[in-house]
Amino acid sequence: MSLFDNYFAFATTVFMGLLAIVNPISAIPVFLELTSYMDKKAKRNIATKSVLIAFCIIVVFSVAGKLIFHVFGITLAALRVTGGILVFVIGYEMVRSKEETAQAQKLGDQPVKADQGISVAITPLAMPLLAGPGAITTSMSYSAAKDLTHLAIVMVVYAIICYITYLLFIAGERIVRIIGTNVMMVVTKMMGLILAVIGVQMLALGIKELFNL
């Protein structure tokens, strides 16, 4: 049975893939640093806006995926191959390097005031942290898989991830105090491993379809 013929297996794969790519736990330090000068109400507002904007970005790319394929003459198999490589590279870098931590520190170098919140919600929180190239490529690949049911599954799964991210942002300070930075690093590397495996799976499926194996 194909992955796309089993809705539960499909939803689980999409959830694990997008969760590993978005990796909301690793985004917590960035959110806390960028909103450090804001009160609780402003932080909640930024958290809400960031996840809503990220969700809208994914919806646009997922819904318009087939149109983009048609206009540019792109095949789903080619997208899966490219997306698989991209997702694998992202996961591999998460496992072996500290680039993500360095990026988070760089993004938080400059203080952000409450009246600048909307720009913070758009960049870097919504894009590229929550709806970056990896998430866009993965959502487009899965959304264009077969029919509207698969598209709806991708949208619901990403909405759930956005809600989880929102909750983590709101509880970010308590989470950091409880689990510590070392545990957060371990979780990030585990997500990277899962992401690399999913990238290989996407690549293999794309190659199989591209060459009619």
Side-chain angles (χ1 to χ4, degrees), residues 11-36 38 40-68 79 83 86-87 89-91 93-94 99-101 103-104 106-108 112 114 116-145 150-173 175 184 187-188 191-192 194-195 198-199 202:
T12 302
T13 301
V14 174
F15 178 80
M16 294 303 298
L18 289 176
L19 183 65
I21 292 173
V22 175
N23 195 3
I25 293 181
S26 67
I28 291 176
V30 181
F31 174 81
L32 294 178
E33 183 67 23
L34 292 175
T35 60
S36 60
M38 302 179 187
K40 290 184 178 181
K41 182 178 180 180
K43 289 182 178 181
R44 189 180 297 272
N45 186 36
I46 296 305
T48 302
K49 288 180 178 178
S50 63
V51 297
L52 287 178
I53 293 171
F55 180 74
C56 290
I57 291 172
I58 295 299
V59 168
V60 169
F61 276 96
S62 297
V63 172
K66 291 184 178 181
L67 177 61
I68 294 174
L79 177 65
L86 176 62
V87 170
V89 170
I90 295 174
E93 290 180 350
M94 287 170 62
E99 292 180 4
E100 190 169 351
T101 302
Q103 181 185 23
K106 182 179 179 181
L107 290 172
V112 179
Q116 297 174 308
I118 184 62
S119 62
V120 172
I122 297 173
T123 304
L125 292 178
M127 180 181 283
L129 289 182
L130 303 183
I136 291 173
T137 303
T138 303
S139 62
M140 284 182 61
S141 176
Y142 284 130
S143 297
H150 291 86
L151 173 61
I153 290 175
V154 173
M155 293 299 94
V156 171
V157 167
Y158 192 76
I160 293 173
I161 292 175
C162 284
Y163 183 65
I164 292 173
T165 303
Y166 170 79
L167 295 178
L168 291 175
F169 280 171
I170 297 302
E173 294 179 353
I175 292 174
M184 288 183 64
V187 172
T188 298
M191 287 294 186
I194 294 174
L195 191 56
I198 291 175
M202 289 178 60

Verdict with reasoning, His150 to Val154, per side chain to side chain contact (heavy atoms under 4.5 Å, CB included): CA-CA 6 Å; His150 291 86; Val154 173; 5.6 Å; no
Begin with the C-alpha distance, continue with both residues' side-chain angles, and end with the deciding distance and a verdict on side chain to side chain contact (heavy atoms under 4.5 Å, CB included) for Ile153 and Tyr142. CA-CA 9 Å; Ile153 290 175; Tyr142 284 130; over 6 Å; no
Steps toward side chain to side chain contact (heavy atoms under 4.5 Å, CB included) verdict (Thr48, Phe169): CA-CA 9 Å; Thr48 302; Phe169 280 171; over 6 Å; no
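Ser62 and Met155 make their closest contact through OG-CE, 3.3 Å (heavy atoms, listed as atom of the first residue, atom of the second, distance). Of all non-hydrogen atoms in Val22 and Leu130, the two that sit nearest each other are CG2-O, 3.5 Å. Here the closest heavy-atom approach between residue Cys162 and residue Val51 is recorded as O-CG1, 3.5 Å. Thr165 and Pro24 make their closest contact through OG1-CB, 3.3 Å (heavy atoms, listed as atom of the first residue, atom of the second, distance). When all heavy atoms of Lys43 and Glu173 are compared, the pair lying nearest together is NZ-OE2, 2.9 Å. Nearest approach of Ala131 to Ile136, heavy atoms of both residues: O-CD1, 3.7 Å.
Here Thr138 contributes atom OG1 and Ile21 contributes atom CD1; the two are 3.0 Å apart, rounded to the nearest 0.5 Å. Residue Ile57 holds its CD1 atom at 11.0 Å from CG of Leu52, rounded to the nearest 0.5 Å. Rounded to the nearest 0.5 Å, atoms CD1 (Ile161) and CD1 (Ile58) are 9.5 Å apart. Note that CD1 of Ile160 is 11.0 Å distant from CG of Leu18, once rounded to the nearest 0.5 Å.
For Leu167, the side chain to side chain contact (heavy atoms under 4.5 Å, CB included) criterion is met by Tyr163, not counting sequence neighbours. Looking at residues two or more places apart in sequence or on another chain, you find a side chain to side chain contact (heavy atoms under 4.5 Å, CB included) between Ile170 and Arg44, Ala47, Tyr166.
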